[in-house]
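Here is how names work: the chains are called A, B, and so on, in the same order as the sequence lines, proteins then strands, and each is numbered from 1.
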Amino acid sequence: MASDGAVPGYGLSAPVSRRKMLGGLTLLPLVAVSSAVPTASADPGDSATAADAADTSYLYLSPHQAAVLDAATRRLIPGPGDDPGVTSPGAHEANVVRYIDVMLGAFSFSPPRVHAGGPWSNRAGGSVDFMANFVPLDRAQNYAWQQRIANLRSQYTTGIALLDQLAGGDFTTESKSKQNSILATGQAVSFTQVLFGHAIEGMYSVPEYGGNANLVGWQGIAWPGDIEPRGYTDAEVEAPQGDTLAQSGIIGMLVQGGWAHAIAKMGGKAGVNIGR
Amino acid sequence: MAMELAEAGWDVVIFEMGPNYYSNIEGQGPFPTVFSNDELKSQYRYFEQPDPLAYPRTFRQTASQNAANTYVGDVNDLPNQVGGAFPHSDVKVTRMWDIDFKGLSLLGPVPGADMADWPFEYSELAPYYDEIETLIGVQGDVASIPAFVQRHQPQQRPYPMPPGAQMRSSTLLAAGAKRLGLHPFYFPMAANSVEYNGSPACNNCGFCSGYGCPISAKPGNLIMLRRALRTGRTQLRPQTTVTQVNYTGRRATGVSFIDAAGNAGGESSDIVVLSCSAVLSPRLALLSNLPDPYARIGKRIMFQNFYDGFAIFLNQRVHAYRGRSCTQVVFDFNDPDFPGARVFARLAGLPYIRAGLCELGGSQNPIAEGKFYQEILGLIPGVQFFGRAFKDLMQASLLRDRLAGVDCFATDMPYLTNNVTLDPTIKDLNGQPAPRVTYKIGKFERASQDFFIPLLSTMCGASGAQLYAAVPQSTANSIGGTAPPTGLHTMGGMQMGVNPATSVVDGNGRMHQMDNVFCSDGSVFATSGGSNPTNTIMAVALRTARGLTGRRSPLPAAAFAQPG
């Protein structure tokens with residue numbers, strides 16, 4: 001906590017004169033400004049534009065570990081070329097491995113790259129990306145995240161080694177179908193679930209965390225992302241937006257019983273209105 | 001509380017265990033902040049709540065459960081930072097009903113439950129609701145409140161602001177509810193629809209429920225905190241955890257704390273007010289070993305039994321990510337006289353059943369959506385839980401852009417077996433025992449769930465959605481094993497009541513066993529109600545504060561005179 005305690009503007013122990021000076025500037029994110037300490041490490045904005053699997057300058061992962069995670073996350077969230085018929089960007093294009101590496105190496109930065117700042121980025125009308133200025137961790141947060149990341153590092157080291165072992169040495173050289181079955185069944189499933197959760201985070205979080213490169217995660221799902229300070233107009237809030245889905249593939253399965261099945265497993269009541 | 005005390009001339013020190021994410025609290029105009037439209041930090045990285053690795057809680061369903069199966073982690077943790085739990089919410093400000101305050105007298109006892117009346121009734125709290133709603137700024141339309149709701153919670157004063165833009169998802173569900181003869185209305189909420197007292201109008205960013213506001217359009221209790229600080233008589237100490245209330249006999253002498261740097265300290269005081277929320281206030285009382293001759297501290301924890309409703313549109317996008325998380329509400333299921341409910345109750349051997357308020361039109365953001373698919377894909381036979389199917393679902397966005405969701409907050413009975421105690425083994429980073437929550441829904445909640453879940457599902461279907469459903473959150477959460485209760489509506493543990501043998505604090509919020517220890521948060525609730533508790537927490541806190549400062553009308557003595 002010693003280092004965090006000295007950050008001006010964080011908590012009400014800041015000098016009165018400073019508060020008065022800044023108090024009149026509406027919406028100036030004082031905390032974010034005061035913690036905008038330049039670091040020697042790679043800026044997340046830079047990494048976000050360098051979605052390149054050949055980039056091997058990782059904080060924590062070895063090149064081979066990164067390659068295993070790249071191969072595995074291509075199976076979890078496939079992009080063009082990973083699975084037949086997939087056209088939108090996947091985990092590889094979003095640089096999910098970078099997201100995971102920044103998470104595991106969060107304490108290489110000061111402040112640690114755990115909580116992006118605010119009140120907004122420069123993507124929706126803001127002139128400055130305040131999200132790039134990470135918020136210092138307090139004593140309890142620091143204690144918890146040191147512990148959490150140490151645990152995650154161990155899970156990743158063990159999990160990657162397990163994938164290699166189940167592939168007979170090198171996961172990356174296995175066929176896609178064998179990779180699928182390693183990830184979906186047996187010993188590796190609990191690691192797959194952890195990795196999939198983080199892959200989802202890396203796809204769809206704000207890019208300041210190192211993933212969602214070039215915002216491809218959001219573009220693939222028509223998600224506008226962070227929207228302050230612009231917001232939405234009242235008309236945008238209220239507007240109808242017709243868009244009919246083809247009932248094929250997984251959607252068709254849900255309509256034809258999959259939905260009712262999943263809800264029943266959750267102890268609920270489900271229904272389908274089709275053809276009305 | 002701090003506002004009222006400081007403005008009455010008292011010196012106040014506020015201890016807040018969490019950080020301060022605001023600047024300019026004691027200035028004028030908006031409250032600059034590091035809250036942002038960031039799903040990851042707010043929902044998955046404990047930015048807005050105590051990190052469970054630093055401040056773990058434990059959970060078990062019954063006291064007889066094998067200790068090895070105790071869950072350790074987040075158990076309905078409320079956000080902890082300057083501004084309290086309020087910044088996380090989409091600030092819906094409903095009122096509790098007459099039958100919530102006088103449930104025992106008006107509806108009778110419930111088998112197995114420790115049903116009790118509050119020491120005061122709705123009519124006595126109504127002026128405080130009015131005052132709070134003006135103070136924090138509420139949008140809504142009193143004329144839209146249905147007659148049956150007005151009968152249970154009469155209110156006349158117009159809300160200070162008109163309703164804002166109506167979300168498409170909420171409008172569709174409200175239309176479906178009307179088709180069934182239900183009574184949707186504009187959801188009152190403390191988000192600005194126009195500029196109010198120097199804070200801007202909401203610009204519909206959609207990161208509302210679960211997020212601190214980046215633009216101060218829902219300043220809520222920061223308004224009271226500002227007024228307290230501007231007296232010059234209030235000190236705010238963030239990142240400072242009170243570890244114990246010190247006392248001699250019936251008098252507290254002050255508190256011990258651990259400061260932001262981890263150093264122990266202390267403060268003396270004439271009065272101590274516990275406002276740590278339903279789980280943590282009783283925990284602090286237990287850690288302090290405050291007198292408890294009838295073993296009532298920590299008893300009767302209530303969470304409300306949440307149901308989730310789903311209306312999924314395959315023919316349109318309902319973009320619930322735009323707006324204030326939901327803008328319409330249905331209160332019909334909160335009524336024990338809902339058609340058919342009495343008969344169903346009698347067949348179940350209960351005097352009555354109730355669910356609660358339904359919020360119409362919520363959804364979720366993409367990380368939550370993705371993790372939901374990760375879970376449900378595994379439930380569908382023959383489908384791999386990742387890969388192409390996952391991508392297709394994210395693109396189709398059944399559970400985000402096409403979802404109009406419903407949250408129903410069903411009334412929780414108070415049970416003596418649902419409680420907070422100190423965990424015998426798990427400790428927090430300061431070495432103090434973690435709060436152990438023992439909680440299980442009972443016959444009343446199960447019967448209410450059995451009756452209202454199909455109705456909720458039908459209501460979702462009436463909206464025209466192609467796929468619809470309703471599930472009890474407790475069951476849905478427990479797919480992966482023992483799951484702690486969720487919902488963030490936490491009440492009880494320091495129950496307010498007239499009888500010292502069956503409650504912890506009196507009608508003035510003062511502990512029966514202490515002369516100068518008060519409690520002013522959700523822990524004092526005698527019943528849970530079936531709606532958002534925040535407005536009632538604030539109204540009761542203001543009433544308690546007015547009693548302390550002698551500025552209450554009628555005077556506090558009246559509360560003592562209430563018949564037992």
Using a cut-off of under 4.5 Å for heavy-atom pairs, which of [options] has the most such pairs with chain B?
| options | answer |
| --- | --- |
| A:Gln247, A:Gln147, A:Glu236, A:Met131 | A:Glu236 |
| A:Glu201, A:Glu228, A:Met203 | A:Glu228 |
| A:Ala116, A:Ala124, A:Gly258 | A:Ala116 |

Taking the side chain as C-beta and beyond, is there a heavy-atom pair between [X] and [Y] under 4.5 Å?
| X | Y | answer |
| --- | --- | --- |
| A:Ile221 | B:Ser397 | no |
| B:Gln466 | A:Leu245 | no |
| A:Ile263 | B:Val471 | yes |
| B:Val34 | A:His115 | no |
| A:Ser205 | B:Tyr44 | no |
| B:Asp392 | A:Ile251 | no |
| A:Val135 | B:Phe47 | yes |
| A:Val255 | B:Leu314 | yes |

If you measure from the Lys or Arg side-chain nitrogens to the Asp or Glu carboxylate oxygens, is any gap between A:Asp83 and B:Lys391 under 4.0 Å?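 Not counted as a salt bridge, because no side-chain N and carboxylate O are separated by less than 4.0 Å.
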
Which one, [options], leads in non-hydrogen pairs under 4.5 Å with chain A?
| options | value |
| --- | --- |
| B:Gly370, B:Gly206, B:Ala470 | B:Ala470 |
| B:Ala54, B:Pro366, B:Gly323 | B:Pro366 |
| B:Glu369, B:Gln166, B:Met167 | B:Gln166 |
| B:Ile376, B:Asp401, B:Val318, B:Leu393 | B:Leu393 |
| B:Arg237, B:Glu39, B:His319, B:Gln449 | B:His319 |
| B:Met394, B:Arg45, B:Gln395 | B:Arg45 |

Relative to chain B, which segment of [X] carries a heavy atom at a distance below 4.5 Å: side chain, backbone, both, or neither?
| X | answer |
| --- | --- |
| A:Trp223 | both |
| A:Pro240 | both |
| A:Ser88 | both |
| A:Met253 | side chain |
| A:Asn180 | both |
| A:Tyr232 | both |

Please look at [X] and chain A and tell me whether the side chain, the backbone, both or neither of the residue comes under 4.5 angstrom of a heavy atom of that chain.
| X | value |
| --- | --- |
| B:Leu455 | neither |
| B:Leu377 | side chain |
| B:Ala465 | backbone |

Which atoms form the tightest heavy-atom contact between [X] and [Y], and what is the distance?
| X | Y | value |
| --- | --- | --- |
| B:Arg317 | A:Ala222 | NH1-CB, 4.4 Å |
| B:Asn37 | A:Ile227 | OD1-N, 2.9 Å |
| A:Pro224 | B:Tyr321 | CG-CE1, 3.6 Å |
| A:Tyr143 | B:Leu53 | CE2-O, 3.5 Å |
| A:Gly117 | B:Lys41 | O-NZ, 3.4 Å |
| A:Pro229 | B:Asn203 | O-ND2, 3.0 Å |

Would you mind listing every ring pair (Phe, Tyr, Trp, His ring centres under 6.0 Å) that reaches into residues 373-396 of chain B, with sequence neighbours excluded?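 As it turns out, the ring pair (Phe, Tyr, Trp, His ring centres under 6.0 Å) pairs with a partner in residues 373-396 of chain B, which skip direct neighbours, are A:Phe196-B:Phe390.
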
Please check if any side-chain donor atom of B:Asp38 sits under 3.5 Å from a side-chain acceptor atom of A:Tyr209, or the reverse.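 Yes, side-chain donor-acceptor contact under 3.5 Å.
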
Evaluate the ring planes of B:Tyr46 and A:Trp145, with Trp represented by its six-membered ring, and classify them as parallel (under 30°), tilted (30 to 60°) or perpendicular (over 60°).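 Judged by the thresholds at 30° and 60°, the geometry between B:Tyr46 and A:Trp145 is tilted.
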
